[in-house]
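Beneath this line is the structure, given in structure tokens, with notes to follow.
Just so it is clear, the structure is predicted and the values come from calculations on it, not from any experiment. In listed order, ligands and their atoms are each counted from 1.
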Amino acid sequence: MTFKTTIPPKHQWVKTDDGSFTLFSEAFQETCHSSTGAKAETLFNYIVGCQIKEQLNTRKALSVLEVGFGLGIGFLMTYDELLHSSYPWKFLSLEIDQALLEWFRLEYKDHPFLKNLKWNGSILEAKTENIHLIILGGDARKTLPAFLDKNIQEIDAIYQDAFSPKKNPILWTTEWFELLKKYSNPGVILSTYSSSSSIRKSLLEAGWILNKGPQFGAKRASTRATLQGTSNPDILIQLKNSPTLALRDDNF
Ligand SMILES: C[S@@+](CC[C@H](N)C(=O)[O-])C[C@H]1O[C@@H](n2cnc3c(N)ncnc32)[C@H](O)[C@@H]1O
């Protein structure tokens with residue numbers, strides 16, 4: 001194991017099949033990534049799934065939103081992917097567990113970019129000429145609207161990476177996806193590992209257009225959602241025939 005700093009209590013390291021590590025959270029009784037590979041899954045679902053390099057090159061600026069900072073693999077892999085780009089990009093992430101964020105700050109205090117990380121109240125932030133990382137500590141349902149109502153910006157890519165809908169339903173409801181839509185650019189790509197009918201129904205109810213992402217490892221196909229185009233007809237038929245209800249704030 002190559003980590004220098006002790007992880008906060010109630011978390012355990014778990015090695016995944018690609019050799020990278022993820023964390024098991026006792027609070028949520030779940031690991032942050034699938035056992036197939038924490039890094040491989042991140043690359044597949046988010047870096048490739050949201051087409052971030054292509055989007056940055058086309059837009060000449062990029063604003064990424066990550067739902068669940070966890071141990072920071074989403075940010076670190078985005079950083080590696082965009083390292084040689086000359087366009088500016090912003091990475092806004094959401095994390096309820098502030099002890100995890102403090103672990104991350106200490107662990108990466110020698111990193112060329114992350115050495116700039118500083119607490120500003122409950123926000124952990126680092127900025128250089130082209131890269132701006134902002135992690136909002138606290139419950140995303142409150143921190144995201146409070147922050148974006150004050151700091152208006154449109155999101156181009158969303159890594160929807162909360163714990164599973166069963167363990168972390170508050171970040172998968174119709175109301176949550178309505179919020180994400182409100183702050184998104186019309187050309188946004190939302191990508192998630194989940195293919196559950198309930199979250200697809202929530203996305204649809206919130207006005208998102210649904211497409212299948214490819215299959216990763218042993219998991220079923222993932223989900224890509226946009227605000228332009230048309231939904232995959234097979235998904236629509238499957239959802240129509242499924243008795244599962246959309247997740248809503250008042251039904252879990
Ligand atoms: C699956 S992990 C994210 C993994 C992360 N993307 C990475 O690459 O390491 C989900 C994270 O969401 C956080 N979380 C759960 N509920 C939350 C909430 N209501 N607001 C903000 N973060 C939350 C958890 O603490 C956990 O760290």
Can you tell which part of [X] has a heavy atom less than 4.0 Å from ligand 1: side chain, backbone, both or neither?
{"X": "Y159", "result": "neither"}
{"X": "L100", "result": "side chain"}
{"X": "E30", "result": "neither"}

[X], [atom1] atom: more than 12 neighbouring heavy atoms under 6.0 Å:
{"X": "E129", "atom1": "CD", "answer": "no"}
{"X": "K39", "atom1": "NZ", "answer": "no"}
{"X": "K240", "atom1": "NZ", "answer": "no"}
{"X": "K127", "atom1": "NZ", "answer": "no"}

Below the 3.5 angstrom mark, is there an N/O of [X], backbone or side chain, next to an N/O of ligand 1?
{"X": "L71", "answer": "yes"}
{"X": "G68", "answer": "yes"}
{"X": "T31", "answer": "no"}
{"X": "L171", "answer": "no"}
{"X": "T42", "answer": "no"}
{"X": "R141", "answer": "no"}
{"X": "G74", "answer": "yes"}
{"X": "A162", "answer": "no"}

Parallel, tilted or perpendicular, as decided by the 30° and 60° cut-offs, for the rings of W13 and F3: parallel
Protein heavy atom at shortest distance from [atom]:
{"atom": "atom 7 (C) of ligand 1", "result": "F69 O, 3.4 Å"}
{"atom": "atom 25 (O) of ligand 1", "result": "E95 OE2, 2.5 Å"}
{"atom": "atom 16 (N) of ligand 1", "result": "N168 ND2, 3.2 Å"}
{"atom": "atom 19 (N) of ligand 1", "result": "D139 OD1, 3.0 Å"}
{"atom": "atom 20 (N) of ligand 1", "result": "A140 N, 2.8 Å"}

Qualifying residue for ring pair (Phe, Tyr, Trp, His ring centres under 6.0 Å) with Y159, from F91, F44, F75: F91
Nearest-option assignment for atom 21 (C) of ligand 1, heavy atoms, candidates I73, I96, L76: I96
Nearest neighbour of atom 2 (S) of ligand 1 from the list C32, G138, G72, A27, on a heavy-atom basis: C32
E41 (side chain) donor-acceptor with A38 (main chain) under 3.5 angstrom: no
Counting each atom of ligand 1 from 1 as listed, which ones have a heavy atom of [X] under 4.0 Å away?
{"X": "L94", "answer": "22 (N)"}
{"X": "D161", "answer": "1 (C), 2 (S), 3 (C), 4 (C), 5 (C), 6 (N), 10 (C)"}
{"X": "H33", "answer": "7 (C), 8 (O), 9 (O)"}

Charged N-O contact under 4.0 Å between E178 and K181: no
ring-ring contact (aromatic ring centres under 6.0 Å, His included) involving F69 - partner list, sequence neighbours excluded: F104
Qualifying ring-ring contact (aromatic ring centres under 6.0 Å, His included) pairs with a residue from residues 116-151, counting only residues at least two apart or across chains: none
